[in-house]
Amino acid sequence: MTMIRVTAYENPKSIEEATTFLAKDTYVPIAGGTDVILELRNGMPVKLLDINNLKLNHVTSNKDNIEIGAACTHTQLASNPIVSQFVPLVGIAAGKVGSKQIRNRGTIGGNIVNASPCADTIPALLIYDAELVLLSKKGRRIARLDEFITSPYATIKRNDELLHSIICKKNNKTGYSYLKLGRRQAVNISRMTISVALDIDDDNAVIDACISAGSVFPVPSRMKDLEKFLRGEKIKPKLFKEAGKLAVDLMIKHSGYRWSTPYKEPVLAGLIERALMQASKGIVQDN
Amino acid sequence: MKLDFVLNNKRVSINVKGGLRLIDLLREQLDLVGTKEGCGKGECGACTVLLDGKPVCSCLILASQVRNREVTTIEGLSIEGEMHPAQEAFTETGAVQCGFCSPGLLLSTVALLNENPEPSREQIRRALSGNLCRCTGYEKIFEAVELASRRINGLSVQNDKV
């Protein structure tokens, strides 16, 4: 029997009530609990703030953006029609998290604030220039997702703040690809994930490229130098091979030459090449 | 704190400590030891129960989080002593060997068949991929799900290999 040392358990019914608790004391917000409960197994005492009754499980669409409530489960996002139409990579990534049991409980907000280098949904969200809505008694603050995570498992979220929702910009590209590499298909901690959105014109030249990676850099990141390299180029197999090599250079530049680098070098080059190839075919694909 | 929820179609009202996990409530306080704890980390699926009909890991939920919701464990699958068709199928195809993963696998199976009474082999594999079994190699489990599916749908099972 594993006893988690919960010294207080609050179950607020409104955002106002929740942010009041967070302003008063140090609480750990809990939604699905698939990460939080694991962390608490070491017996560290904790005050929990259950955010399941704050109605944060909405997905809405306006002219430019999609808003996703922080408490949307991965199951919900993997089958949501708005998500699959406007931010397809997010739906694919959510569908690849853990197992059915984990997807039924784990939330996208939890995946973000846990800030793991191998979080499945973060690289997908980065493709849509995601921004986070953080609420506290001091007011509302918007943080860019690419500036939110400072190092593995650390974010700029203050203890008095609650992640309310994620805003993704609609970007209609001609093709998408999400590749997740692991030792097996299910219940799988990603070895690497690659998200790609490509916009290609009628002459088969790259108008725009958005590329992000998980488990490649200390935090999930866009590969802006690689995107710049591809813009304006005519599509040919050699181009994607070169892109793979450039991605490896970027990895070593930003992550250093680590113990895992000899493995990751050919893998990253291969995945980038494959993801670009898939996205250039003008459909939504995953492995 | 006082916790009210529905467990296997019966209302339960019980005092629980804030840090109690659902699996510990089931096994230690309610003596429902059919739910097994394997890894305790949400990776093996042995502790799977249904929460409002959906499979979840009971090792990763606090008891407090099932307030006013409906939990189904392996003990709730049989009705008046009659095994659920999935349970019968599991025993017939040899899908139960050491048995430790069986309760979790059965609940994942029941959730799948409720949602999709005629799943393809691929859909079965995906739906059960969060439940690890180290004995059977899964083949007999997939056969059991297919057999249960045919029986639930009232299809002929005369030619079944059982």
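If you're wondering where the values come from, they're calculated on a predicted model, not measured in any experiment. Below, chain A is the first sequence line, B the second, and so on; all start at residue 1.
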>> Any carboxylate oxygen within less than 4.0 angstrom of a Lys/Arg side-chain nitrogen, looking at B:Glu37 and B:Arg27?
In response: no
>> With a 4.0 Å cut-off on N to O distance, would you call A:Lys47 and A:Glu10 a salt bridge?
In response: no
> Given a strict heavy-atom distance threshold of 4.5 Å, which part of A:Leu48 is in contact with chain B: side chain, backbone, both, or neither?
Replying inline: side chain
> Will you find, in the side chains of A:Ser14 and A:Glu16, an N or O donor that is under 3.5 Å from an N or O acceptor?
Replying inline: no
>> Heavy-atom cut-off 4.5 Å, strictly under: side chain, backbone, both or neither for B:Arg67 against chain A?
In response: side chain
>> Salt bridge check, B:Arg151 against B:Glu92: does any charged N sit closer than 4.0 Å to a carboxylate O?
In response: yes
> Under a 4.5 Å heavy-atom cutoff, which of A:Val36, A:Ile37, A:Asp35 has the most pairs with chain B?
Replying inline: A:Ile37
> Does any donor atom in the side chain of A:Asp50 or B:Gln65 lie under 3.5 Å from an acceptor atom in the other side chain?
Replying inline: yes
> In terms of heavy-atom proximity below 4.5 Å to chain A, should B:Ile23 be classed as side chain, backbone, both, or neither?
Replying inline: neither
> For A:Arg105, is it the side chain, the backbone, both or neither that has a heavy atom under 4.5 Å from a heavy atom of chain B?
Replying inline: side chain
> Which bit of B:Ser64 is near chain A, if near means a heavy-atom gap under 4.5 Å: side chain, backbone, both or neither?
Replying inline: both
> Which atoms of B:Cys47 come close to chain A, meaning under 4.5 Å heavy atom to heavy atom: side chain ones, backbone ones, both, or neither?
Replying inline: neither
> Does a side chain donor of either A:Lys100 or B:Ser108 reach within less than 3.5 Å of an acceptor in the other side chain?
Replying inline: no
